[in-house]
Structure formats: structure tokens, C-alpha cells
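Proteins come first, then strands; the chains are lettered A, B, ... in the order of their sequence lines, and each starts at number 1.
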Amino acid sequence: MALSKQSAEIEAYLHQGAFDLPKQSIDGSQRLIWALRALEGHQAQLRDSLSAATPEQLSLVHSQAYVNGIYSLSASEQIVQLDPELRIYPQSWLAASSAAETLATVTQSSLKEKNQALRKLPFCLSRPGSHHAGSDYGLGLCIFNNLAYAAASALQTNKVNSVAILDFDIHHGNGTEEIFAEEERVLTVSIHQYPFYPGSGKSGSEGAKSNLNLTMQAGDGDKQAREAYDYALEAIDLFQPDLILLEAGVDGHAKDWTSDTMYEDQTFYYFGQQLAQLQTALKKPLVLEVGGGYTEEAVVNGLSALIKGLGEK
Amino acid sequence: MNTINQVKEPSLDSTSFVLLKRLRKLRLTLAATYPYSFRLGGWLWRERMDWAAEFKHQNPEEAAISLEQARDYSFLNFCETMHPKELDLLLAHKFFTKAPEYLLCELQNTVAWYTRESAESKVIQSNYKSQTINR
């Protein structure tokens with residue numbers, strides 16, 4: 001594969017609590033170490049972690065009862081299970097609320113930059129995950145929906161009128177879709193394997209006002225992924241968002257054991273390249289959050305290719 | 001309150017019933033494998049108030065937990081232990097027949113995943129055995 005030597009300048013944020021959180025099933029801090037390895041050789045600058053969101057702030061996208069419940073459980077020093085994979089530990093509150101606040105703060109900061117072409121690409125390396133968490137539930141390693149919180153916080157400031165959330169993690173972004181089901185100012189686009197975990201996201205099943213589900217089948221690879229991705233970017237272009245948030249999951253990679261799709265490194269390079277071109281045309285901020293990825297090869301190579309692609313404007 | 005007596009006679013070819021039987025054959029519980037266990041628990045909490053009362057009596061701390069999702073998850077776990085057969089009939093013939101499509105789809109995914117895992121594990125075991133014999 002002929003990849004350009006030029007790559008995007010990245011400003012990576014490793015949030016407070018990411019390494020303190022115990023391993024939850026397949027979600028370990030190892031993924032962040034692999035993500036950091038992917039940044040090696042790129043123009044990446046690591047920034048300190050940022051502050052945590054308060055329960056009141058998080059209730060912007062989650063029910064007060066859910067947020068308060070997570071807060072109380074973390075304070076109680078108990079370990080409580082919410083689904084077969086998701087446990088709440090005493091460290092969970094800080095880890096999850098700071099992951100959400102980090103993405104929101106970084107997003108707000110990116111909105112202040114007048115010349116987006118000069119801005120380094122913010123990339124949040126967070127843990128626990130984000131896109132499966134719905135308004136009143138956690139699911140599949142995700143406690144709070146950082147993407148939804150960042151989008152809603154940006155809309156609340158009135159600096160933006162519309163947000164597009166693009167999610168190519170191989171699992172459906174069910175929580176993001178559910179949270180914005182009635183919100184026309186947010187376009188949610190998810191490209192994922194179906195049928196697959198978490199069971200939702202069938203193409204054409206969209207209940208939300210501005211939502212698009214593009215499905216991949218087991219065995220699908222670069223060609224099918226590019227077709228779906230082109231369609232997704234066309235939809236975003238038509239939507240003309242003031243802000244783009246990206247859930248950068250690389251678990252669709254051929255080397256990732258959790259999925260049955262066969263994305264190659266060049267698939268992720270293409271994803272980055274096409275998105276960078278769209279962002280340049282729109283002249284609007286783009287903020288990235290790391291998504292799924294469960295083998296070293298998938299995370300290091302997939303993210304590295306994506307970042308190289310993002311440098312192609 | 002509804003009880004199993006009011007549930008229509010089980011149809012043995014119902015998709016969810018077959019899936020639940022397969023899961024049980026693998027000696028697995030929904031609480032250990034199915035991501036939406038808490039949804040099942042939440043439904044059962046309203047549907048089987050007698051089981052909920054039993055749960056509250058036997059597990060007062062878990063029943064009073066501050067987060068509904070945690071309670072519902074724990075309650076499903078309890079129901080699977082205390083009322084396994086009745087639970088599967090209830091779920092197959094009252095819950096999954098009316099539930100949103102994704103809940104059944106994910107049950108299929110779950111059973112397929114663990115069936116595959118079990119088959120792979122048997123292959124590994126069988127390879128191990130043949131290696132041991134060869135040695």
C-alpha cells in the first residue's frame with residue numbers, strides 16, 4: 001500500500017482515570033497503549049488530562065436517575081454488574097465522567113479556532129467506551145456516551161447549530177442513535193456489521209429523525225467499506241454540520257478477532273483521507289475519539305493508517 | 001399479576017424458545033451472556049411481582065440498590081436460579097413475542113457466538129488430546 005509520508009498533526013488527550021479503571025472483560029487499558037503506539041512516528045502531542053463532568057452536566061444526555069445511580073454506586077465502594085460485561089467499580093465514576101468531559105472540553109476548544117486548516121486534530125484516547133451507552137443505561141463497556149455529551153454541550157453553547165457524529169466502529173452506535181432520536185440538529189451515522197452485537201442497527205430500521213445505519217456483512221472488506229463510507233460522507237456533506245465528531249473504532253480490521261469483516265489498513269487510510277477532504281471543504285472542526293479495537297495489530301496499524309489518511313487534505 | 005398459567009401453551013418451534021434451549025444446552029445463563037439481561041429483569045420485575053417479593057426478601061440489599069439497571073440485572077440472575085423453566089417459557093411466549101426486533105436479534109447473536117466458542121473449544125481440546133496421545 002502506498003501511503004503518503006505526510007500525516008495529520010494530532011493533539012492526543014489521555015484522560016484522567018483511564019489507567020486506574022480495572023479491566024472490564026475485553027476492555028483493558030492495553031488498547032490505549034496500542035493507540036499511543038499508533039501515534040508514534042506521527043506528529044502527536046500528548047496533553048494532560050482534563051477535568052471530570054458533574055452529575056448535573058451529564059444529565060444533559062442521560063437521565064438524572066441513571067447518572068446519580070452510577071455516582072452513588074462508585075461512591076459506595078461496591079463492585080456492581082450492569083450487564084454481562086459492564087461492572088461499576090469505585091474508580092468508574094472518575095474514569096467515565098472525565099472521559100466525557102475531556103471530549104466535550106476538547107470539542108469546545110476546537111470550536112474557538114477560526115482557521116480549522118491550521119488546527120491540530122484533537123484525538124481523545126478514553127476509557128471506558130462511549131457509543132453503546134444510552135440515555136438511561138450502560139452497555140457493552142460503555143457507561144456514559146461521550147460523543148452525545150460533547151455534541152449536546154456544543155449545541156448548548158449556541159456556537160454550533162448542527163453536529164454530525166460519524167461512527168465506523170464495527171458495532172452499532174446504538175446509544176448515540178437513541179439519545180438523539182428526536183434531535184434534528186444531530187446527524188448520527190453508523191457503519192457496522194449486522195447482524196452483530198448489540199443486535200440493533202438494521203439498515204432501514206432508523207427510528208431517529210436524523211440517523212443513518214449502513215450495514216456490513218460478515219466477510220465484507222475494503223470495497224464494501226468504501227462504498228458505505230462514501231455514502232456516509234455524502235449524507236454528512238448534505239447535512240452541512242458545524243462540527244463533526246468521529247468514533248474511530250478499528251475493530252472491523254481483518255486482524256481483529258471480535259468481528260467478521262475484513263477491513264485492511266488501506267480501508268482506514270481511505271476513511272481518514274476522505275474525511276479530511278470533506279472537513280477541508282466544510283471548514284468545520286473535526287474531533288476524534290478512539291473506539292473499539294481488540295488486537296494490537298488492528299489498533300496500531302488501523303489507527304496509524306487512519307491518521308496518515310487524515311493528513312491528506 | 002400474570003402467571004405462567006395464563007401464558008398460552010408453548011410453541012416448541014418459537015425462535016426465542018429454541019434459542020433459549022440452545023443456551024441452556026451450553027450450560028449458560030442469560031445473565032452471564034446476554035447483554036440485555038437487565039431489560040429482561042426490568043420486565044420481570046413488573047410482570048412477576050411474586051418473584052420480585054421473593055427477591056426483596058432474600059436479597060434486600062440488591063433489591064434496594066440505587067441504580068435500577070443494576071437491580072434489574074441482579075433480579076434476572078435471581079430468576080434464572082430460582083425459576084429456570086418457568087422463566088424461559090415466560091420470556092419466549094410473553095416477552096420476546098412483543099419485544100423490539102433487536103432484542104431477539106441479539107439473542108441470536110449471543111447463542112451463535114457461544115455455540116461457535118464452544119465448538120472452537122472442543123476443537124482445541126480434541127487437538128490437545130491428540131497431541132497428548134501422540135506424545
Contact origin within [X] toward chain A - heavy atom pairs under 4.5 Å:
| X | result |
| --- | --- |
| B:R71 | neither |
| B:L30 | backbone |
| B:E62 | neither |
| B:A70 | both |

Inter-residue atom distance [X].[atom1] - [Y].[atom2], 0.5 Å rounding:
| X | Y | atom1 | atom2 | answer |
| --- | --- | --- | --- | --- |
| B:L76 | A:D83 | CG | CG | 11.5 Å |
| A:F196 | B:E106 | CZ | CD | 9.5 Å |
| B:C105 | A:Y194 | SG | OH | 3.5 Å |
| B:L67 | A:I88 | CG | CD1 | 7.5 Å |

Can you confirm whether [X] is buried at [atom1], in the sense that more than 12 heavy atoms of other residues, nucleotides or ligands lie under 6.0 Å from that atom?
| X | atom1 | result |
| --- | --- | --- |
| B:E68 | CD | no |
| A:Q217 | CD | no |
| B:E101 | CD | no |
| B:F95 | CZ | yes |

Selection from [options] maximising heavy-atom pairs under 4.5 Å formed with chain B:
| options | answer |
| --- | --- |
| A:P198, A:G69, A:G201 | A:P198 |
| A:I70, A:L73, A:N68, A:D136 | A:L73 |
| A:G140, A:G138, A:S76 | A:G138 |
| A:N174, A:L86, A:L82 | A:L82 |

Inset, instruction - With side chain to side chain contact (heavy atoms under 4.5 Å, CB included) as the test, would you mind laying out the steps for B:T110 and A:Y197 before giving the verdict? - result: CA-CA 8 Å; B:T110 300; A:Y197 181 95; over 6 Å; no
Inset, instruction - Answer yes when B:R116 and A:D260 have at least one side-chain N-carboxylate O distance shorter than 4.0 Å, and no when they do not. - result: yes
Inset, instruction - Could you tell me whether a side-chain N or O of B:Q69 sits under 3.5 Å from a main-chain N or O of A:Y137, the two making a donor and an acceptor? - result: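 Side chain of B:Q69 to backbone of A:Y137: no pair is present.
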Legend entry - A:E85 versus chain B, the contacting section by heavy-atom distance below 4.5 Å: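 No part of A:E85 comes within 4.5 Å of chain B.
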Legend entry - Min side-chain heavy-atom separation A:P84-B:T33 under 4.5 Å: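 A:P84 vs B:T33: side chains apart.
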Inset, instruction - Flag the one option from B:Y102, B:W113, B:Y34, B:Y73 with the top tally of heavy-atom pairs under 4.5 Å to chain A. - result: B:Y73
